[in-house]
Amino acid sequence: MYYQNQPPKEPSGCLQTLVITRAILGILFVPILLVVGALLLVLAAFYALTISPLLAVAVIAIGGVMILALAKWESRRVAKEAEQFKE
């Protein structure tokens, strides 16, 4: 009837796994969004091409403007984060 001190149990690691997963997905969100958006743009362009070639050009132009706007937004966000680390 001796009482043995047991070392405290280590946490299961589930919370740490969730934090790491969230950080990785946060980093990869924009690139994944760009890839999925480009695939949807290609599909929309092919569909529009079955209707009219001019409609397909319009879809591609709109998609290009959207990708350009997203790239500018992302570069501003990265520059803002870089400024915060410099201070």
Side-chain angles (χ1 to χ4, degrees):
M1 307 235 178
Y2 294 102
Y3 178 73
Q4 295 179 353
N5 284 340
Q6 295 179 349
K9 286 187 171 182
E10 291 286 324
S12 66
C14 185
L15 180 62
Q16 296 161 345
T17 303
L18 290 175
V19 168
I20 291 170
T21 303
R22 183 173 180 221
I24 290 171
L25 288 177
I27 292 169
L28 294 177
F29 178 73
V30 173
I32 290 172
L33 186 66
L34 285 172
V35 169
V36 170
L39 287 174
L40 290 175
L41 179 65
V42 168
L43 289 174
F46 280 137
Y47 177 73
L49 191 58
T50 63
I51 297 170
S52 167
L54 290 177
L55 186 60
V57 171
V59 168
I60 292 171
I62 290 170
V65 168
M66 289 173 61
I67 290 174
L68 182 65
L70 184 62
K72 283 188 176 189
W73 172 79
E74 179 66 11
S75 68
R76 287 185 194 136
R77 188 183 68 82
V78 169
K80 190 184 294 184
E81 285 183 5
E83 275 184 23
Q84 289 176 351
F85 285 121
K86 285 183 182 179
E87 295 175 355

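Both backbone and side-chain heavy atoms feed into the values below; hydrogens, waters and symmetry mates do not.
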Does E74 come within less than 4.0 Å of R77, counting only side-chain N to carboxylate O?
-> yes
Looking at A45 and V59, what are the two nearest heavy atoms and their distance?
-> N-CG1, 3.9 Å
Tabulate below the donor-acceptor pairs under 3.5 Å that side-chain atoms of residues 23-40 make, not counting sequence neighbours, or state none.
none

CG/L41 to CZ/F46 distance, rounded to the nearest 0.5 angstrom?
-> 10.5 Å
Among residues two or more places apart or on two chains, list those pairs meeting salt bridge (charged side-chain N to carboxylate O under 4.0 Å, His left out) that have a residue in residues 18-38.
-> none
Y47: which other cluster members, linking ILVMFWY side chains closer than 4.5 Å, directly or transitively?
-> I51, L55
